[in-house]
Amino acid sequence: MTATDRALELARAAAAAADDKQATDIVAFDVSDQLVITDVFVLCSGANPPQMSAIRDAVEEKLLGLGAKPIRREGEREGRWVLLDYADIVVHIQHVEERAFYALERLWSDCPTVELGLSQ
């Protein structure tokens, strides 16, 4: 099984929105073979809570323009790890320290990466 075209579209749009707000280490994994709850994880980092909020707002605005609304948000208050669940994709916006500590890339390293088309 592979991620749906819709999931790939949303993942690329989310990544582009995060990139516009200078998010770092943007990567996406096709987790559709491992999970039944979503197709793609998008991971990105922010340097501080204000930047993370800006990334979150940009992602939500971009995906809303594509007709997608998050079904769940978590971590907004703490500002260290924000999770946006769109069913087809899940966007993880992590502070750089949390990103290094939790190392989600290591957990999903056996899943294929999604080409995002960013110039990073």
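In this structure, the separation between CG on Leu83 and CD on Glu74 is 5.5 Å, given to the nearest 0.5 Å. The distance from the CG atom of Leu8 to the OG1 atom of Thr2 is 7.5 Å, given to the nearest 0.5 Å.
Looking only at distances, no side-chain donor or acceptor of Ser45 sits under 3.5 Å from a matching main-chain atom of His95. In terms of modelled atom types and a separation under 3.5 Å, the side chain of Thr113 and the main chain of Phe29 share no donor-acceptor contact. Within the 3.5 Å criterion, the main-chain N or O of Lys21 finds a donor-acceptor partner in the side chain of Gln51. The backbone N or O of Glu115 lies less than 3.5 Å from a partner atom in the side chain of Arg12, making a donor-acceptor pair.
Placement of Val40 and Ile71 in two distinct hydrophobic clusters is found when ILVMFWY residues are connected by side-chain heavy-atom separations under 4.5 Å, directly or transitively. By the criterion of side-chain heavy atoms lying less than 4.5 angstrom apart, applied directly or through intervening Ile, Leu, Val, Met, Phe, Trp or Tyr residues, Leu35 is grouped together with Val27 in one hydrophobic cluster. Leu64 is not connected to Val42 by any chain of hydrophobic side-chain contacts under 4.5 Å among Ile, Leu, Val, Met, Phe, Trp and Tyr, and they are in different clusters. Linking ILVMFWY residues whenever their side-chain heavy atoms come closer than 4.5 Å, directly or via other members, leaves Val96 and Leu104 in distinct clusters.
Enclosure of atom CG in Asp110 by more than 12 non-hydrogen atoms of other residues, nucleotides or ligands within 6.0 angstrom is indicated.
Under the 4.5 Å side-chain criterion, counting only non-hydrogen atoms from C-beta, Val91 is not in contact with Arg56. Side-chain contact between Cys111 and Asp30: absent, with no pair of heavy atoms (C-beta onward) separated by less than 4.5 Å.
Between Trp81 and Tyr102, the ring planes lie tilted relative to each other; the angle falls in the 30° to 60° range.
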Go through the steps to decide whether Arg73 and Val82 satisfy the test side chain to side chain contact (heavy atoms under 4.5 Å, CB included), and finish with yes or no. CA-CA 7 Å; Arg73 289 183 193 96; Val82 177; 5.9 Å; no
